[in-house]
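A note on names: the letters A, B, ... follow the listed sequences, proteins ahead of strands, and every chain is numbered from 1. This is a predicted model, so every value here is computed, not measured.
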Amino acid sequence: MPHVHVPRGVREHLEDVLARTSLATARAEDPLALPTLLPLGLDRCRIVPLVHDAPRNGAQYQNARRRGGFPTRRRSSGQPHAACQAAHSRLEPRICYEGAPHPGMEKGSMSYPRAWIEEIARYEGQDVELRGWLEARRSSGKLHFLQVRDGTGTIQCVMFKGDVPEEIFEEADHLPLESSIKIRGTVRADARAPIGYELAVKEMEVVSRALPDYPIGRKEHGVAFLMDHRHLWLRSNRQRVIMAVRHTIVKAIRDFFDERGFRLVDAPIFTPAACEGTTTLFEVPYFDLGHAYLTQSGQLYGEAAAMAYGKIYTFGPTFRAEKSKTRRHLTEFWMVEPEVAFMELDEDMDLAEDFLVHIVERVLDKHRRDLERILERDVSKLEAVKKPFPRITYDDAIRILHEMGNETPWGEDFGGDEETLLASRFDRPVIVHRFPAQTKAFYFKRDPNDERLALGMDVLAPEGYGEIIGGGQREDDLDTLIRRLEEHDLPREPFEWYLDLRRWGSVPHAGFGLGLERTVAWICGLHHVRETIPFPRMMERITP
RNA sequence: UCCGCGGUAGCUCAGUCGGUAGAGCAGGUGGCUGUUAACCACCGGGUCCGAGGUUCGAGUCCUCGCCGCGGAGCCA
């Protein structure tokens, strides 16, 4: 077998879905890769069509097939599966793994197997039961188009007057939107259907009739209204995709570190004092000990863990009581923070770079179609996220800003405007390093070549999404660190344990923090981070 | 905390110079066998954010207050 390239991500994706379900459907970016997937145990693959795809890969597909590269499942009749034939003629191929029954394929009502819309292609020509919610209805007298959503997707169900009992047809005409239903019929491919498949309805059963006034309509809504109805807004197609991308990013983050041997260490949420001192903390009563604070960073604990286990990451919620009312801020957000012993600033930047490239690749691999079609994201902007990222010093950045007419004086930190300006000079994330020490927290190590500078680095996302990563090398000398605490006017007592890390086997070490919500907003191309988390917590919003 | 914008039907909004409160969607009724945010006809739907003021007359002008949104600072 000739050497063929396995597209990055396909293998991981298949393994991922196979771990989750035993019936997997995955896209193959490059049909030539299929033969190499066989050793993975995918020897029972078949090709199914994606009807709504443009036939742009048809020629490539045909070519691969002539070379005998495609495993094709045949029915017991010996005839190629109808879906395979369709794929052969004009459509982009999909890999479909046939294994043990899907956990969701438990027997549906009345002997119809239950199907999920996400995998509806699998059931073409078969009778199935869908369980979901009535999302929209278009009616044409003796013909209803019922748009049904089951959480994995939306499908058009076609109900002809003669095909169902009269009272069911009447019921379908008046059933309020968002009523929950079980609907049974035959899955068939049809170019007129929005997703290429539709259900020819034979039976419908109402599980719960909704009130007639579902608040979220088919037309536009204001942000405030939608936020008030966040619990219902999550049902929309757009929010479904955003939450799916968030999930993929979380998984990509975990996989990235797990595959590199990092230990996951959970930092506490209740902390005795400020980690960085300057920012505002949420204070909560704590028994006889007075007050505790909600963590604003797991980093100090991450450093302790790195001294114990070498390379670690923390991943959890973080709280900031800053009165920030901007599109980039939440009071509760998720942050992942790797920390590595014996690592210095340059390697820290290498790690951040590999990390972001990995995340973007995984999202593109899994969600390219949804990003383009539902979120209207320009994915070419994401495809540009390749190594190496430009690395500029703070001094360079100031020089560039001055060239562009921004007069930020040396020594000041960058605001949103400066970040956007800088990022606009590059087509991929840009790393800014070696900041003036006074702009950074007490624990940053100084640049041995210039005491005014801290060995910190920020990664600025393109397109004005701002700082998504902040990190750097930590001060590892005991006496210097004690001096820094004094300079920052911080109490020493709560930091004694932290100082211990420098008393017994101190080593150079570095790490960074990545804001999950900002990353999701950037990758999805969202205007505001509040859409990236199911129930955002903001300065003036704590419900729903 | 500061600066800017806004608050009119269930939702999104229009409302001219101060002169009887409007549209689309949603809801209801009827029509239509391939719709794609379906379409067509008809119907119901209002504390114009609140309080006070100017005026013959205030959704509209003025003052104060409340709420929301965006931005700054700070940060991921």
Could you give the distance separating [M] and [N] at their [atom1] atoms, to the nearest angstrom?
N	M	atom1	value
B:C13	B:G7	P	10 Å
B:A26	B:G18	C1'	33 Å
B:U35	B:U16	P	41 Å
B:G15	B:A23	C1'	11 Å
B:G59	B:U47	C1'	13 Å
B:U8	B:C2	C1'	30 Å
B:G6	B:U12	C1'	14 Å
B:G68	B:C49	C1'	11 Å

State whether A:F256 and A:R260 meet the cation-pi test: NZ (Lys) or CZ (Arg) under 6.0 Å from the six-membered ring centroid, and within 45° of the perpendicular axis.
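The answer is yes, since A:R260 meets both limits relative to A:F256.
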
Verify, without hydrogens or angle tests, whether A:Q299 (side chain) and A:G513 (backbone) share a donor-acceptor contact under 3.5 angstrom.
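Between the backbone of A:G513 and the side chain of A:Q299 there is no qualifying donor-acceptor contact (under 3.5 Å).
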
Could you tell me whether a side-chain N or O of A:R377 sits under 3.5 Å from a main-chain N or O of A:I523, the two making a donor and an acceptor?
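Confirmed, A:R377 side chain pairs with A:I523 backbone.
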
Let me spell it out: for each of A:R192 and A:K440, pick the nucleotide of RNA chain B with the closest heavy atom. Which residue's pick is nearer the 5' end?
A:R192

Does A:P176 or A:F333 map to a spot on RNA chain B nearer the 5' end, using the closest nucleotide for each?
A:P176

Just call it for [X]: base, sugar-phosphate, or nothing, with non-hydrogen atoms closer than 4.0 Å on any strand.
X	answer
A:H329	base
A:R238	nothing
A:Q156	base
A:L330	base
A:E198	base
A:R328	base
A:T519	nothing
A:H528	sugar-phosphate
A:H527	nothing

Using atom [atom1] of [X] as one end and atom [atom2] of [N] as the other, report the distance to the nearest whole Å.
X	N	atom1	atom2	value
A:I216	B:A37	CD1	P	18 Å
A:F435	B:C75	CZ	P	11 Å
A:E337	B:C75	CD	C1'	13 Å
A:R327	B:A72	CZ	P	8 Å
A:H174	B:G30	NE2	C1'	10 Å
A:E418	B:C74	CD	P	10 Å
A:E419	B:C74	CD	P	11 Å
A:D228	B:C69	CG	C1'	12 Å

Go through the N and O atoms of the side chain of A:R138 and the base of B:C32, and report whether any donor-acceptor pair is under 3.5 Å.
no

Is any N or O donor-acceptor pair between the side chain of A:R320 and the base of B:G73 shorter than 3.5 Å?
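Answer is no: no donor-acceptor pair is held.
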
Under 3.5 Å on both distances, the Watson-Crick or G-U partner of [N]:
N	result
B:C64	B:G50
B:U29	B:A41
B:C69	B:G4
B:C13	B:G22
B:G59	none

Grab the N/O contacts between the protein and nucleotides 7-11 of chain B below 3.5 Å, and write none if there aren't any.
unit_1: B:C11; atom_1: O2'; unit_2: A:E220; atom_2: O; d: 3.3
unit_1: B:C11; atom_1: O2'; unit_2: A:H221; atom_2: ND1; d: 2.4

For A:F414 and A:Y394, I'd like to know if the aromatic rings sit close, meaning centre-to-centre distance below 6.0 Å.
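For A:F414 and A:Y394, the ring centres are under 6.0 Å apart.
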
Are A:F512 and A:F355 close enough that their ring centers fall under 6.0 Å?
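They qualify: ring centres under 6.0 Å apart.
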
How about A:I542: does its CD1 atom have over 12 heavy atoms from other parts shown lying under 6.0 Å from it?
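For A:I542, atom CD1 is not crowded (no more than 12 foreign heavy atoms under 6.0 Å).
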
Take atom CZ in A:F270; do more than 12 heavy atoms of anything else shown fall under 6.0 Å from it?
no

Would you indicate whether the side-chain heavy atoms of A:E517 and A:M335 approach each other to under 4.5 Å?
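Result no, sub-4.5 Å side-chain heavy-atom pair not found.
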
For A:Y214 and B:A26, say yes or no: do the ring centres fall under 5.5 Å of each other while the ring planes differ by less than 30°?
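A:Y214 ring does not meet the centre or angle cut-off for B:A26; no stack.
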
Does a side-chain N-to-carboxylate-O contact under 4.0 Å join A:E166 and A:K161?
yes

Looking at A:R428 and A:E353, is there a salt bridge between them, counting it only when a charged N and a carboxylate O are closer than 4.0 Å?
no

Any idea which of B:A76, B:G34, B:A72 is nearest the A:T326 side chain?
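Selected nucleotide: B:A72.
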
